[in-house]
Amino acid sequence: MEIRWIDIEGDDGWSSLSSLEKDKLPVAVSKGYLLSQKKGVTRIFTDYILNKDKPTFDTIGNTCIIPTAVIQSIKKIH
């Protein structure tokens, strides 16, 4: 899956009110396997280890939990 979502941006330096008014939120792009989407949370991972005893996997890596409300799009990739 390719997920485009709106991220939070902050700046601890000095700026003007007008520049803050013009600032836009960044769009993050995450790619991975969709584990679940429930209760307002989307969970993905990018890596997994195949189980030696059966054709499934139990161990995953590089996880990302995204609030579903900030997702702009989800696209299936091949």
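Throughout, residue positions are numbered sequentially from 1 according to the sequence presented.
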*Group every Ile, Leu, Val, Met, Phe, Trp and Tyr by side-chain heavy-atom contacts under 4.5 Å, then state whether I66 and M1 land in the same group.*
yes
*Could you check if a side-chain atom of T42 sits within less than 4.5 angstrom of a side-chain atom of L34, using non-hydrogen atoms only?*
yes
_Tell me which pairs pass salt bridge (Lys or Arg N to Asp or Glu O under 4.0 Å) where either residue lies in residues 33-45, with sequence neighbours left out._
none
_I'd like to check I3 versus S73 (side-chain heavy atoms, cut-off strictly below 4.5 Å). Are they in contact?_
no
Side-chain atoms of residues 8-22: list all donor-acceptor pairs with protein atoms under 3.5 Å, sequence neighbours left out, distances to 0.1 Å.
from, atom 1, to, atom 2, distance (Å)
D11, OD1, G13, N, 2.8
S16, OG, S18, OG, 3.1
S16, OG, S19, N, 3.1
S16, OG, S19, OG, 3.4
S19, OG, S16, N, 3.4
S19, OG, S16, O, 3.0

N/O donor to acceptor pairs below 3.5 angstrom from side-chain atoms of residues 57-64, sequence neighbours left out:
from, atom 1, to, atom 2, distance (Å)
D58, OD2, N51, ND2, 2.9
N62, ND2, T46, OG1, 3.3
N62, ND2, D47, OD2, 2.2

*Test salt bridge (Lys or Arg N to Asp or Glu O under 4.0 Å) applied to K75 - qualifying residues, sequence neighbours left out*: E2
_L35 reachable from I44 in the ILVMFWY side-chain graph, under 4.5 Å edges_ = no
*K31 and I77: side chain to side chain contact (heavy atoms under 4.5 Å, CB included), yes or no, with the steps?*
CA-CA 9 Å; K31 292 183 180 182; I77 55 177; 4.2 Å; yes
*Do I74 and V70 belong to the same hydrophobic cluster, where Ile, Leu, Val, Met, Phe, Trp and Tyr are linked whenever their side-chain heavy atoms lie under 4.5 Å apart, directly or via other members?*
yes
*Residue pair V27 / W5, side-chain heavy-atom distance below 4.5 Å*: no
_With heavy-atom distances below 4.5 Å as the criterion, would you say the side chains of Q37 and T68 are in contact?_
yes
*Considering residues at least two apart in sequence or located in another chain, which fulfil the side-chain contact (heavy atoms from CB on, under 4.5 Å) criterion with L25?*
I6
*List, by chain and then residue number, the residues other than V41 in its hydrophobic cluster (Ile/Leu/Val/Met/Phe/Trp/Tyr, side-chain heavy atoms under 4.5 Å); write none if there are no others.*
I65
